[in-house]
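Data block below; observations after.
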Amino acid sequence: MTSTVRHEGAACRGATGRPADHLTRTRERPADGTHRTDGTQGRPGRWLALGVLVLAVLLVAVDATVLGLATPYISEDLHPSGTQLLWIGDVYSFVIAGLLVSMGSLGDRVGRKRILLCGATAFGAISVLNAYAGSPALMILARALLGVAGATLMPATLALIRNLFPDARERSLAVGIWGAAASAGTAAGPITGGLLLEHFWWGSVFLINVPVMVVLVAVGIRTLPESRDPSPGPWDLASVVLSLVGTIALVYAVKEAATHGPLLPALAAGLLGAGALYGFVRRQLTLPTPLLDMRLFRRRGFGGAVLADLLTVLGMSGLVFFLSQYLQLVQGRRPFEAGLAELPAAVGAVVAGLAAGRAARRYSVRAVVSGGLALIAVALAALTTLSRSTGYPFLGAALLLVGVGAGFSFTVTADVILSSVPRDQAGAASAVSETAYELGAALGIALLGSIVTGVYRGFTGPAGTPEAAHGSLGAAVEASRHMPPHAAEDLLDVARDSFVHGLHLASGAGAIVLLATSVAAWFLLRGHRPGTTG
């Protein structure tokens with residue numbers, strides 16, 4: 001739905017394990033007047049190589065957006081419970097968040113081009129498994145495996161951008177194009193998916209990843225440069241396990257606590273996750289060449305940008321996940337029409353993403369980021385007034401504001417994080433904010449999604465309403481088809497009203513989170529300029 005322009009984080013140790021000296025230097029000004037981060041010329045053919053990286057972004061963006069459109073059909077065909085439906089939506093984010101730092105670091109060691117092409121191949125192959133999943137359990141497994149493959153893609157693309165574009169202004173434009181591609185993917189995904197869903201079965205929305213993967217690999221072999229850390233040190237398997245276990249267990253605990261309350265399973269998972277992440281941090285502080293240098297978070301600009309990304313995605317996730325269900329199951333739009341209805345958000349994000357770098361140079365980083373986040377908060381607050389019969393002009397205007405705000409804020413925070421990255425360790429570095437993005441998405445779906453699900457389950461249906469109808473709105477629609485016409489109409493009325501009420505609460509909570517994040521970003525990004533370190 002929205003163009004969540006993805007970005008990268010940073011690790012700041014040199015090959016010897018000491019902080020890289022050039023992280024504390026300001027930008028060099030060569031004789032030609034351009035701003036370079038390291039005084040080197042950009043690689044010839046870098047813009048064509050950027051086109052290949054854009055394909056990788058499209059691969060992930062399209063997959064994320066078509067899932068929302070396909071959810072009602074998956075619910076009808078596979079009959080998942082409400083909890084299983086949430087797992088189908090967020091297990092991808094759980095796994096990818098747990099593996100991003102590890103995969104980014106692995107790319108630094110084995111080569112970013114190599115891991116990108118291998119990951120893209122696996123992504124396409126596992127998409128076929130998603131398409132032909134025959135049960136909720138198999139679909140959840142397929143989505144988890146897709147998360148493993150997806151964890152290799154985003155850090156590699158942004159790490160390669162960091163190496164392809166040493167010039168700060170060129171890099172800002174490249175990140176804007178990269179982000180615009182993510183927005184275009186969110187636009188193309190629902191529209192393409194809507195057309196496929198009107199003519200084929202729901203698995204076809206996953207199969208569209210395959211031709212994109214084929215083109216990416218075929219062209220990428222010829223155009224992408226290989227890059228890696230020349231002295232990376234060993235890939236610490238214990239750190240990988242701690243990161244994966246800690247992230248998944250902690251997010252699972254939040255999900256379970258939000259759904260069922262602080263019961264023993266949630267508390268046990270929370271303790272396990274917190275302990276594993278504590279062990280991860282302690283281990284990184286003692287290793288001579290860690291997967292992630294934790295001291296980077298002491299840098300106000302870096303830490304502020306990462307925190308802003310995480311909270312922004314968290315606040316938006318409830319709307320992102322449930323909007324397609326609102327358009328199709330509440331307002332009765334066909335899949336293609338629902339896809340077109342989400343287009344303003346992507347268009348706004350494309351335009352804002354391309355203009356964000358110039359706006360940050362003209363005004364300030366904190367003004368653009370805080371302003372963008374405040375714009376999203378206003379739009380989410382407006383969506384608390386949605387009803388079953390809300391006209392499209394109002395909804396389209398709100399989605400446009402969400403897209404513009406996201407395009408400005410995510411693109412500029414990407415540049416803030418990129419400017420802290422030494423090129424030799426760009427892979428592990430780029431994974432930090434991508435982890436914040438995916439973790440925010442997982443937490444947002446778990447928390448805000450659980451609000452919608454919890455409110456929805458409380459409706460009282462007419463006599464004869466099956467218990468399954470309380471699991472999800474899709475299940476209620478399916479149940480209504482087997483009831484007498486009058487009872488079916490009553491069931492759909494109360495179920496849709498309950499769903500919309502849950503969406504109100506999720507949008508209101510998201511607006512509060514976004515407003516608070518906007519204020520925090522204003523202070524945390526104070527004094528930061530585009531393309532500078534700090």
Side-chain angles (χ1 to χ4, degrees), residues 1-6 57-74 89 179-198 202 204-206 208 312-313 315-353 372 375-376 378-380 382-408 410 441 444-445 448-449 452 473-474 499-500 503 506-507 510 514:
M1 190 277 291
T2 59
S3 130
T4 45
V5 176
R6 305 238 203 108
V57 175
L58 289 172
L59 192 69
V60 177
V62 168
D63 177 79
T65 53
V66 297
L67 178 63
L69 278 176
T71 296
Y73 294 86
I74 294 173
S183 305
T186 63
I191 294 172
T192 304
L195 285 172
L196 290 171
L197 288 169
E198 290 190 5
W202 57 263
S204 62
V205 302
F206 296 105
I208 61 174
T312 301
V313 178
M316 294 168 58
S317 290
L319 175 65
V320 172
F321 187 70
F322 288 102
L323 181 65
S324 291
Q325 295 182 62
Y326 169 80
L327 292 170
Q328 294 180 76
L329 300 180
V330 175
Q331 293 201 329
R333 300 177 188 270
R334 296 177 65 84
F336 179 65
E337 186 184 0
L340 287 177
E342 297 179 16
L343 189 60
V347 172
V350 168
V351 174
L375 201 60
I376 301 172
V378 170
L380 291 178
L383 291 176
T384 60
T385 65
L386 278 180
S387 69
R388 290 166 53 187
S389 59
T390 296
Y392 183 72
F394 176 83
L395 179 61
L399 293 179
L400 180 65
L401 291 181
V402 169
V404 170
F408 276 126
F410 281 126
I445 292 175
L448 301 184
V452 177
L473 184 56
F499 181 87
V500 171
L503 195 57
S507 297
L514 265 296

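The structure presented is a predicted model; accordingly, all values stated were derived computationally and were not measured.
- Thr390 meets the side chain to side chain donor-acceptor pair (under 3.5 Å) test with Ser387; sequence neighbours excluded.
- Of all heavy-atom pairs between Leu383 and Ala398, the closest is CD2-CB, 3.7 Å.
- With sequence neighbours left out, the side-chain contact (heavy atoms from CB on, under 4.5 Å) criterion links Val351 to no other residue.
- One finds the OG atom of Ser507 at 6.5 Å from the CG atom of Leu386 (value rounded to the nearest 0.5 Å).
- Nearest heavy atoms, Leu514 versus Gly315: CD2-CA, 3.6 Å.
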Test side-chain contact (heavy atoms from CB on, under 4.5 Å) applied to Leu323 and Leu503, step by step = CA-CA 9 Å; Leu323 181 65; Leu503 195 57; 5.7 Å; no

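- Closest non-hydrogen pair, Leu400 versus Gly348, comes out as CD1-CA, 3.8 Å.
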Are Leu395 and Tyr326 close enough, and set up right, to give a side-chain contact (heavy atoms from CB on, under 4.5 Å), and what steps lead you there?
-> CA-CA 11 Å; Leu395 179 61; Tyr326 169 80; 4.3 Å; yes

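- For the atom pair OH of Tyr392 and CG of Leu399, the computed distance is 6.0 Å after rounding to the nearest 0.5 Å.
- Side-chain contact between Phe499 and Leu329 is absent, with no heavy-atom pair separated by less than 4.5 Å.
- Nearest heavy atom pair, residue Pro344 against residue Gly396, reads CB-O, 3.6 Å.
- Applying the side chain to side chain donor-acceptor pair (under 3.5 Å) criterion to Glu337, with sequence neighbours excluded, gives Arg333.
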Begin from the C-alpha positions of Leu375 and Phe408 and carry the test side-chain contact (heavy atoms from CB on, under 4.5 Å) through to its verdict.
-> CA-CA 10 Å; Leu375 201 60; Phe408 276 126; 5.7 Å; no

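- Here Met316 contributes atom CE and Ile376 contributes atom CD1; the two are 5.0 Å apart, rounded to the nearest 0.5 Å.
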Check step by step if side-chain contact (heavy atoms from CB on, under 4.5 Å) holds for Tyr73 and Gln328.
-> CA-CA 11 Å; Tyr73 294 86; Gln328 294 180 76; 3.7 Å; yes

